[in-house]
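In what follows, a structure is listed as structure tokens, so that the remarks can point back to it.
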Amino acid sequence: MKKSRLILIMMVLLSWSSLLFLGRRDFQKYLPATLFTVLVTKITHKIAKKRKWWRFNESIHPKISEEDTWAWGLFFPTTLWILKLSFGNLWSYITYNFVLHMSFVYLLLSLLKKLKIVSLVKLSKKQYLLVLFCREVLLYLFQFSKEYIERKKLHGASVNGKSQDRKVENLRS
């Protein structure tokens, strides 16, 4: 097995094994936004492939696309953790993402390029940071909208501030 494939496998296994510590409630709470991010990531990868923004040279398995290795293997667990650690505090969310993205783009991406796993082609590092930032803004807006709608549904189920259903009352507490 090539060294680069082994490193990718280790990165995916490490990120997914961290979800054992996330908690079922947080997983369920942030799963829709995370799936949305995976969808946005896959769309972004299709655009990037067409415009040759970056190139993937390695996957964890020949039958798994390189894009899926990143979207499902690394971005999925990372997105869940970012939301758990920072959602509800916009400045914390921005800070976590800024540190994570800067580390990825300016440290890890250079290493991955040397290992011939992934490289930027027609996109500069600053432009790639902008792509990541746009994706994270969409993620935050999605999660915020989801929670806003859930609160509206919960509030709409009461008349004069009194619940019409015991289940709704239990959800409030």
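The structure displayed is predicted, hence computed values, not measured ones.
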Side-chain (Q28) to main-chain (R25) donor-acceptor, under 3.5 angstrom: no
Could you tell me how the ring of F142 sits relative to the ring of F36: parallel (under 30°), tilted (30 to 60°) or perpendicular (over 60°)? parallel
Once rounded to the nearest 0.5 Å, what's the spacing between atom CD1 of I7 and atom CG of L112? 8.0 Å
Describe, in one word, how the ring planes of F75 and W70 are oriented to each other, choosing from parallel (under 30°), tilted (30 to 60°) and perpendicular (over 60°). tilted
Heavy-atom closest pair (L74 atom, S15 atom, distance to 0.1 Å) is CD2-OG, 3.8 Å
Quick test of your reading of the model: are K2 and E58 salt-bridged, counting only N-O distances below 4.0 Å? yes
Pair F133 + F98: ring centers closer than 6.0 Å: no
Is it the case that the ring center of Y93 lies less than 6.0 angstrom away from the ring center of Y140? yes
K125 versus S110, side-chain donor and acceptor atoms under 3.5 Å: yes
Determine, using ring centers only, whether W53 and Y128 are less than 6.0 Å apart. no
More than 12 heavy atoms from other groups under 6.0 Å of CZ on F144: no
In terms of side-chain heavy atoms, does S59 have a donor or acceptor partner in T69 at a distance below 3.5 Å? yes
CE (M102) with more than 12 external heavy atoms under 6.0 Å: yes
Nearest 0.5 Å, please: how far is NZ in K3 from CD1 in I117? 9.5 Å
Using a distance-only test with no angle check, is there a side-chain donor-acceptor pair under 3.5 angstrom linking H45 and W54? yes
Side-chain contact test, heavy atoms from C-beta onward, threshold under 4.5 Å: evaluate it for K146 versus P32 and give yes or no. yes
For N89 and S86, which I'm curious about, is there any donor-acceptor pair between the side chains at under 3.5 Å? no
For K29 and E147, what are the C-alpha separation, side-chain angles and deciding distance, and is it a salt bridge (charged side-chain N to carboxylate O under 4.0 Å, His left out)? CA-CA 9 Å; K29 179 179 180 179; E147 291 196 9; 3.7 Å; yes
